Q: 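My structure is below; once you've seen it, I'll send some questions.
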Amino acid sequence: MLRALIFDVDGTLAETEDLHRQAFNRAFADLDLPWRWDPALYADLLTVMGGKERLTHYIDTHHPGEAASLHARAPEIHARKTIAYGGLVTGDGLPLRPGIARLIGEARNAGLRLAIATTTSRPNVDRLLAANFGPDDTPFDVIAAGDEAARKKPAPDVFQLALDRLDVPAVQAVAFEDSAPGIASARAAGLPVLATRSRYTDSHRLDGAFSAVSDLGEPGHPHRHLAGLEWPGDVVTLAALRAWHAGLR
């Protein structure tokens with residue numbers, strides 16, 4: 001029986017990554033740091049999972065001579081970035097990707113449990129959910145985020161944490177991811193993965209996903225099939241997910 005759906009956030013629930021990039025740049029400007037991350041550089045930096053870890057990697061690789069002093073400032077930089085990101089999400093709005101709200105609604109109405117497993121920090125998750133579902137109506141039963149897991153993706157820790165909190169075995173859940181490290185993380189936790197491409201993971205190999213599509217699709221606005229399982233009408237529905245999952249037994 002399919003009992004739970006577990007979603008990554010950045011690039012999966014919404015195209016958040018460019019707002020994260022803009023938020024980092026605002027933090028740099030606020031703190032008089034002469035840095036600017038353009039989209040090409042940020043795409044490279046996204047191979048490092050987690051915003052704090054990404055900042056550490058950037059300092060080590062681009063400013064090694066000042067690393068000690070810059071690492072001491074990193075908590076302040078990241079805190080400013082989190083505030084800036086929240087303002088961008090609240091002010092500009094950030095819609096969910098095609099099919100996300102529909103599938104979450106279908107799952108919620110059918111009594112499935114819903115979880116988030118992400119390397120982003122909890123305030124970022126809360127801002128995105130509040131902007132799209134309202135401050136008091138999150139559909140998610142469990143949120144495993146940021147520093148709660150000892151190791152970042154591609155380690156399985158954050159997905160395992162979500163499964164433990166759901167009290168659901170991996171064989172009764174499906175994960176949704178957009179990146180190669182995310183797919184590896186979910187698979188290492190024993191989860192089947194449905195992959196969708198996002199703006200900043202367009203070049204990623206999606207090996208390990210049982211299905212890869214451009215997005216979940218909407219009636220009248222089908223997705224583009226990329227690899228693996230194809231979906232009726234090119235739309236991922238709960239009924240189709242349940243039918244596929246039942247065929248695994």
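This one's a predicted model, so the numbers in the text were calculated from it and none came from an experiment. Because only heavy atoms are used, hydrogens play no part in the values below, and waters and symmetry mates are left out as well, while side chains stay in. Nothing fancy with the numbering, it's 1 onward along the sequence.
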Q: Does a side-chain heavy-atom distance below 4.5 Å link Leu5 with Leu241?
A: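 Yes. Closest side-chain heavy atoms under 4.5 Å.
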
Q: Does the pair Phe210 and Trp244 meet the rule for a side-chain contact (heavy atoms from CB on, under 4.5 Å), with working shown?
A: CA-CA 10 Å; Phe210 70 87; Trp244 168 82; 3.5 Å; yes

Q: Could you tell me whether the side chain of Arg73 reaches within less than 4.5 Å of the side chain of Leu33, counting heavy atoms only?
A: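 Yes, close enough: below the 4.5 Å cut-off.
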
Q: In terms of side-chain heavy atoms, does Tyr200 have a donor or acceptor partner in Asp10 at a distance below 3.5 Å?
A: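 On atom types as modelled, these side chains do not qualify, holding no pair under 3.5 Å.
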
Q: Looking only at the side chains, is there a donor atom on one of His225 and Asp234 sitting less than 3.5 Å from an acceptor on the other?
A: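 Not at all, the side chains of His225 and Asp234 share no donor-acceptor pair under 3.5 Å.
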
Q: For residues Leu226 and Arg197, report the shortest heavy-atom separation together with the two atoms involved.
A: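 Leu226 and Arg197 have their closest heavy atoms at CD1-CG, 3.5 Å.
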
Q: To check you understand the geometry: which heavy-atom pair defines the closest contact between Ile59 and His71, and what is its length?
A: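 Minimum heavy-atom separation between Ile59 and His71: CG2-CE1, 3.7 Å.
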
Q: At what distance, to the nearest 0.5 angstrom, does CG of Leu128 lie from CD1 of Ile116?
A: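 The CD1 atom of Ile116 is 7.5 Å from CG of Leu128, to the nearest 0.5 Å.
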
Q: What I want to find out is whether Asp141 reaches Arg165 closely enough, with some N-O distance under 4.0 Å, to be called a salt bridge.
A: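 Looking at Arg165 together with Asp141, the answer is no, because their closest N to O distance does not fall below 4.0 Å.
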
Q: Are Leu129 and Leu114 grouped together when hydrophobic residues (ILVMFWY) are joined by side-chain heavy atoms under 4.5 angstrom apart?
A: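 Yes, it is one cluster - the side chains of Leu129 and Leu114 are joined through contacts under 4.5 Å.
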
Q: For Gly208 and Ile183, which heavy atoms make the closest approach, and how far apart are they?
A: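 Residues Gly208 and Ile183, closest heavy atoms: C-CG2, 4.0 Å.
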
Q: Examine distances only and state if a side-chain atom of His223 and a backbone atom of Leu216 form a donor-acceptor pair shorter than 3.5 Å.
A: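 Such a contact is found between His223 side chain and Leu216 backbone.
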
Q: With Leu103, which of Leu96, Leu238, Thr237 fulfils side chain to side chain contact (heavy atoms under 4.5 Å, CB included)?
A: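 Considering Leu96, Leu238, Thr237, a side chain to side chain contact (heavy atoms under 4.5 Å, CB included) with Leu103 is found only for Leu238.
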
Q: What distance do Thr196 atom OG1 and Arg97 atom CZ have between them, rounded to the nearest 0.5 Å?
A: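 Result: 4.0 Å between the selected atoms.
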
Q: Yes or no on side-chain contact (heavy atoms from CB on, under 4.5 Å) for Asp18 and Tyr42, after CA distance, side-chain angles and deciding distance?
A: CA-CA 9 Å; Asp18 205 60; Tyr42 196 62; 5.7 Å; no

Q: Under 4.5 Å between side-chain heavy atoms, hopping through other hydrophobics if needed: is there a path connecting Leu55 to Leu46?
A: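 Yes, it is one cluster - the side chains of Leu55 and Leu46 are joined through contacts under 4.5 Å.
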
Q: Does CG in Asp38 sit with more than 12 non-hydrogen atoms of other residues, nucleotides or ligands closer than 6.0 Å?
A: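 For Asp38, atom CG is crowded (more than 12 foreign heavy atoms under 6.0 Å).
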
Q: State whether the side chain of Thr90 and the backbone N or O of Gly87 hold a donor-acceptor pair below 3.5 Å, judged by distance alone.
A: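 Not at all, since once roles are kept as given, no pair shorter than 3.5 Å links the two residues.
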
Q: Return the CZ to CD1 distance between Arg26 and Ile83, rounded to the nearest 0.5 Å.
A: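 Separation between the atoms: 12.5 Å.
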
Q: Evaluate Thr12 against Asp178 for side-chain hydrogen bond (donor to acceptor under 3.5 Å, both in side chains), listing each step before the verdict.
A: CA-CA 6 Å; Thr12 300; Asp178 74 305; 3.2 Å; yes

Q: May I ask you to decide if Trp37's main-chain N or O and Arg21's side chain share a donor-acceptor pair within less than 3.5 Å?
A: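 Yes, the answer is positive, given that a donor and an acceptor are paired below the 3.5 Å cut-off.
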
Q: Given side chains that start at C-beta, do those of Ser198 and His204 come closer than 4.5 Å, heavy atoms only?
A: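 In short, these two side chains do not touch, never coming nearer than 4.5 Å.
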
Q: Looking only at non-hydrogen atoms, find the nearest pair between Ser211 and Trp231 and report the distance.
A: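 The answer is OG-NE1, 2.8 Å.
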
Q: I'd like to know if Leu194 and Leu112 are part of one continuous hydrophobic network [Ile/Leu/Val/Met/Phe/Trp/Tyr, side-chain heavy atoms within less than 4.5 Å].
A: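 They do share one cluster, since a chain of ILVMFWY contacts under 4.5 Å joins Leu112 to Leu194.
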
Q: Mind checking what makes ring-ring contact (aromatic ring centres under 6.0 Å, His included) contact with Phe140, not counting sequence neighbours?
A: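 Counting only residues at least two positions away or on another chain, Phe140 forms no ring-ring contact (aromatic ring centres under 6.0 Å, His included).
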
Q: Any idea which heavy atoms bring Pro156 and Ala189 closest together, and the distance?
A: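 Residues Pro156 and Ala189, closest heavy atoms: CB-N, 3.7 Å.
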
Q: Going by atom types alone, do Asp215 and His221 pair a side-chain donor with an acceptor below 3.5 Å?
A: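 Checked: Asp215/His221 side chains show no N/O donor-acceptor pair below 3.5 Å.
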
Q: If Ile, Leu, Val, Met, Phe, Trp and Tyr residues are connected whenever their side-chain heavy atoms lie under 4.5 Å apart, and connections chain through other members, are Ile100 and Val125 in the same group?
A: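 Shared cluster, yes.
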
Q: CD1 of Ile77 to OG1 of Thr82: how many Å apart, nearest 0.5 Å?
A: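 Reported value, rounded in 0.5 Å steps: 12.0 Å.
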
Q: With side-chain contact (heavy atoms from CB on, under 4.5 Å) as the test, would you mind laying out the steps for Asn124 and Val89 before giving the verdict?
A: CA-CA 9 Å; Asn124 293 339; Val89 171; over 6 Å; no

Q: What are the two closest non-hydrogen atoms of Arg113 and Leu166, and how far apart are they?
A: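 Closest approach of Arg113 to Leu166: NH1-O, 2.7 Å.
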
Q: Going from OG on Ser121 to CD on Glu148, what distance comes out if it is rounded to the nearest 0.5 angstrom?
A: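 Output value for this atom pair is 10.5 Å.
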
Q: With side-chain contact (heavy atoms from CB on, under 4.5 Å) as the test, would you mind laying out the steps for His20 and Lys81 before giving the verdict?
A: CA-CA 8 Å; His20 283 295; Lys81 177 262 173 182; 2.7 Å; yes

Q: Indicate if Val213 and Phe7 have the same hydrophobic cluster label, given that clusters are the connected sets of ILVMFWY residues with side-chain heavy-atom separations under 4.5 angstrom.
A: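 Cluster IDs for Val213 and Phe7 match.
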
Q: Between Arg187 and Asp207, is there a side-chain N and carboxylate O pair less than 4.0 Å apart?
A: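 No salt bridge links Arg187 with Asp207.
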
Q: Please say whether more than 12 non-hydrogen atoms of neighbouring residues, nucleotides or ligands are located less than 6.0 Å from NZ in Lys52.
A: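 Incorrect, the count does not exceed 12.
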
Q: Under 3.5 Å, sequence neighbours excluded: what are the donor-acceptor pairs made by side chains of residues 168-177?
A:
| from | atom 1 | to | atom 2 | distance (Å) |
| --- | --- | --- | --- | --- |
| Gln172 | OE1 | Arg3 | NH1 | 2.9 |
| Glu177 | OE2 | Lys153 | NZ | 2.6 |

Q: Check step by step if salt bridge (Lys or Arg N to Asp or Glu O under 4.0 Å) holds for Glu53 and Lys152.
A: CA-CA 9 Å; Glu53 291 77 8; Lys152 303 295 186 187; 3.8 Å; yes

Q: Could you tell me how the ring of Trp35 sits relative to the ring of Tyr58: parallel (under 30°), tilted (30 to 60°) or perpendicular (over 60°)?
A: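 Taking Tyr58 first and then Trp35, their aromatic rings stand perpendicular (interplane angle over 60°).
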
Q: Could you walk me through whether Asp126 and Arg122 pass the salt bridge (Lys or Arg N to Asp or Glu O under 4.0 Å) test, one step at a time?
A: CA-CA 6 Å; Asp126 291 341; Arg122 180 62 185 263; 2.8 Å; yes

Q: How many angstroms lie between OG1 in Thr56 and NE2 in His78, if you round to the nearest 0.5 Å?
A: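 Answer rounded to 0.5 Å: 9.5 Å.
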
Q: Looking at Glu106 and Arg102, does any basic side-chain N land under 4.0 Å from a carboxylate oxygen?
A: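 Salt bridge flag = yes for Arg102 with Glu106.
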
